[in-house]
Each structure stands twice: as structure tokens, then as C-alpha cells.
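Notes follow the structure.
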Amino acid sequence: MKGKGMMTRLTHAGENAIAKKTAASVSVPKVIPIYMSSVFSFDDVDSLDAVYAGTAQGYVYSRMTNPGTDCVEEVLAQAEDCGGALVFSSGMAAIVTTIISQVKAGDHIISSPVLYGGVYDYLKNELPRFGVEVTFADFEKDDIESLIRSNTKILYTETISNPLMAVEDLPSISKIAHSHGCKLIVDNTFATPAIAQPLKLGADISVYSATKYLGGHSDIIGGAVMSDAENIAHIHHFLTLYGAIMGPFDAWLLTRSLRTLDMRMERHSANALKVAEFFEKHSKIERVYYPGLASSPYKKRTQESFTYGRCGGMLSADIAGGEKGACTFIRECKNIKFVPSLAGVATSISYPAKTSHRAYSPQELKNVGISMGLLRFSVGLENIDDVLEEFDAALKKV
Ligand SMILES: *Cc1c(COP(=O)(O)O)cnc(C)c1O
């Protein structure tokens, strides 16, 4: 570069330094560095052809894949012990791209009606614009088999439903799906692979908002998809087409978070069980929804299908006094924040009817059993006695 113009030197200096040094290096970085590079350069056209043909290793363009997403995808595939994973710019991007990769105009989907609000909105209002019909049905109570048509492609549900914490019977649903050539897609956001592994229970594809427990520190928006290698290759085509990939910095943060996923979920679960047991005995709480409670109608199912005997950090409860009681409780919790999301290190409270389920009409809320007094708790990693003390004080004011 010596002797060249200023702009030439500044635009080229150091370009090959990392590649040359790392190729010759006897040490490797303990942690995968962040590759903030939108694109990769080649010495000749043959090299590029070889990468496209799969006969040489290399990256091309970061909307397709990049070292950061590659790394985090390996960790995620380990977490669910499956053929592969993909990471996306958000949970919605992961879910929408996965669904669109499986249907065309004229196809049909059957979905649970108790879903993350954004996904419900997408299925109910957006997909019909593209000629895809969606039937909402209760996988527990309705005769799903009788709703399946020759054009049904997807059965869609959540492992632990939001916000009522119902646990689906995935092995039975997957049998129905597969006997009719449909794919079962399961949103495993609330559970994570450290609680339940949908692919082991018969699901074809599991989808995640990585914004929640996979990230776990309330600092990234991201999504993930796990499946066998064939489905992952198919969905990857759509990820590239729609430009829905996760950025390198978020991929690096997510990798870091996943290192502690198992430990975090163990603590979230132990803490949530204590809160659920505390609420169950409290006179100002009308009903508690937590699958890990001995009294839960889902307890047996969790014992049969949850890999590690724990039930996660999410629970809901009906506060005495309906909307007024719920608002008072939120106001009286001074350190525990009202946060319209979940899965951070600190305990937080959400109000489904006013936040995640705003898209539901009052009648729809009623139909799925979400009351105006229902609060949803994301139980954090604190020393739980401190949290219980604050909840107790707030409930006294309700
Ligand atoms: C948050 C969430 C989503 C959407 O994910 P984003 O990262 O916000 O796009 C989907 N499903 C569930 C269960 C969620 O909690």
C-alpha cells in the first residue's frame, strides 16, 4: 500500500491481515469473533464457483450466511439435537418465513387459536390475502382429523401456550398430521430446548422467538428455526429470498447467551414453581396457570414429554378484582416492572389483554379464556424470596 493515495490506502489496508494471520496461527480465538462483513472477496472466479458448487469452503454474502450465524446455528442444532438450525432477524421473521416456505395459494392450515398475538394476526388477516385459508381449532377438544382437507399442509401450535400455559399433546397431534401428509410446526419459545424438544415429540419444525429465553437478557430481537437437514435447506432458500437473516452482532450475542441456556432455564423453572405455589395459596389470586404445579391438569403430560422435568419460567394468574385488581397490582409492584415481553434475567409482569393479545376482540378473549384480570409473569433469576415479598405486599393493596 506504500506510495498509494490516501483513500486507496485507507480502503485497502489490513484487508488480508486476518485471513493470513489466522491461517498461519497456532492459536485460535477462544470466542468466535464478530464478522461485520456484508460480503466476502475471492482471488478468482473459479474460487467463487467452487464455493457455490460446495467443493470449497467459503462465505459469499451475509444475507445468505455468515460466520456468526453459522456458529450460532451449530449451537442451536446441538440444543435440540437435530439436523440443522437457522437464525432470523426476529421471531416473527422465523415463523412467517417458515410458514410461507410450506404453502401456496389454495392451501390450508389448521392452527390453535391460543397463540402469540402477532402470529394469530398473520394467520387470520395476512395469509388469506395470499389465498391461504386458516382454520382455528382447539387441538385438545376439537376433532382435528375431521378438519383436515386434501389441501391441508400445516398443523400449527405452541408447546406451552401463551398466555394460559396449556401444554399440547404433541405426539398425538403429530400422528394425525403425518397420517394426512401434513407438517406439524411448533412454536417452542416459552419452553426452549432446555424444557421440551418438539422434534423429539413428533414435530417436523420447531420455531422460536430468540428474543425471549434463547437470548434471555432482553437485548436482542431474533428468531430461530430447528428441523432436519432437508427442511432447513428448503427454508434457507426463503430466508435468503426474504432477507430475513440475523445480523452478525446479534448472532454473537445469541451464541453467548446459549452457553448458559440450560442453567438459566433450571433457575427460571425453580423460581416459577415457587411463585406458582405462593399464588395458589394466596386469597387475592383466583386461579394460577402453571404446568409444573401438582394441581395442574397438564402436570402428567409434562412428566411424560418434558425432557428435564422442569416447566420453564412463565406462568399466569387471575388477580382478584378483574381489570382494576390487575392494574392496582402492577402499580404496587415497585421493583418488578410491567414489561410487554418476557424472558429477561429480572422478573417482569405483562397484561395479555392489553399487550400481546390486543389483536383479540373482547369476544375472542372470552372464547379462549383470557380474562381482564389475567396477568402473565416472566419469573427471573433473582433470589426468589425477594420477589415473593414484593408480590405479597402488592397483593395486600388489591
Ligand atoms: C415474542 C414471541 C414471538 C414473536 O417473536 P419476535 O422476536 O418478537 O418477533 C412469537 N412467538 C412467541 C411465543 C413469542 O413469545
Side-chain angles (χ1 to χ4, degrees), residues 69 72 76 85-100 111-124 126-127 139 154 156-168 170 185-196 198 203 205-226 239 242-247 249-251 253-254 257-258 265 268 272 289 291 311-316 339-344 348-360 368 370 374-380:
T69 58
V72 75
L76 285 166
L86 294 169
V87 284
F88 293 75
S89 55
S90 71
M92 285 305 294
I95 294 165
V96 165
T97 306
T98 300
I99 290 173
I100 213 82
S111 170
S112 161
V114 189
L115 294 178
Y116 178 73
V119 177
Y120 181 70
D121 191 12
Y122 176 73
L123 292 175
K124 181 160 178 272
E126 183 67 358
L127 271 184
F139 286 94
I154 296 173
Y156 185 93
T157 190
E158 300 177 351
T159 319
I160 302 177
S161 80
N162 178 20
L164 296 175
M165 312 303 153
V167 177
E168 287 283 28
L170 297 183
I185 302 178
V186 175
D187 184 334
N188 199 38
T189 298
F190 274 32
T192 82
I195 304 289
I205 305 169
S206 56
V207 294
Y208 295 84
S209 168
T211 312
K212 314 298 166 48
Y213 287 112
L214 300 183
H217 295 71
S218 315
D219 50 13
I220 60 167
I221 297 281
V225 171
M226 271 91 108
L239 178 155
Y242 288 105
I245 200 167
M246 177 176 277
F249 184 49
D250 286 346
L253 278 173
L254 183 56
S257 290
L258 288 169
M265 293 318 293
H268 280 300
Y289 306 80
C311 293
M314 299 303 300
L315 63 99
S316 292
V339 179
S341 187
L342 60 127
S348 64
I349 311 168
S350 181
Y351 193 172
K354 300 269 184 187
T355 61
S356 54
H357 292 70
R358 260 194 120 87
Y360 287 61
V368 297
I370 301 173
L374 185 84
L375 292 182
R376 193 189 72 190
F377 297 86
S378 170
V379 182

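Start at 1 and go down the list; that is how both ligands and their atoms are numbered.
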So is there a nitrogen or oxygen of [X] less than 3.5 Å from a nitrogen or oxygen in ligand 1?
X	answer
S209	yes
D187	yes
V119	no

Between [Y] and [X], is there a side-chain heavy-atom distance shorter than 4.5 Å?
X	Y	answer
Y213	S378	yes
Y242	V96	no
L76	L214	yes

Report task. Determine the interplanar angle of the Y120 and Y360 rings, folded into 0 to 90°, and report it as parallel if under 30°, tilted if 30 to 60°, perpendicular if over 60°. Result ->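 Ring orientation, 0 to 90° scale: parallel.
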What protein heavy atom sits nearest [atom], and how far off is it?
atom	value
atom 15 (O) of ligand 1	K212 NZ, 2.8 Å
atom 9 (O) of ligand 1	M92 N, 2.8 Å
atom 7 (O) of ligand 1	T211 OG1, 2.6 Å
atom 8 (O) of ligand 1	Y116 OH, 3.9 Å

Report task. Under 4.0 Å from a heavy atom of G222: give me the atoms of ligand 1 that qualify, with their elements. Result ->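 Those qualifying, in numeric order: 7 (O).
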**Report entry** G91 neighbourhood, listing ligand 1 atoms whose heavy-atom distance to it stays under 4.0 Å
**Finding:**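 Every atom of ligand 1 under 4.0 Å from some heavy atom of G91: 5 (O), 6 (P), 7 (O), 9 (O).
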Query raised in the report: How far does CG of L115 sit from OH of Y156, to the nearest 0.5 angstrom?
Result: 6.5 Å
Query raised in the report: Nearest 0.5 Å, what's the CZ-CD distance between F139 and E168?
Result: 6.5 Å
Query raised in the report: Is T211 reaching over with its side chain to a backbone N or O of G222, donor-acceptor style, under 3.5 angstrom?
Result: yes
Query raised in the report: Does ligand 1 have an atom that lies less than 4.0 angstrom from a heavy atom of I95?
Result: yes
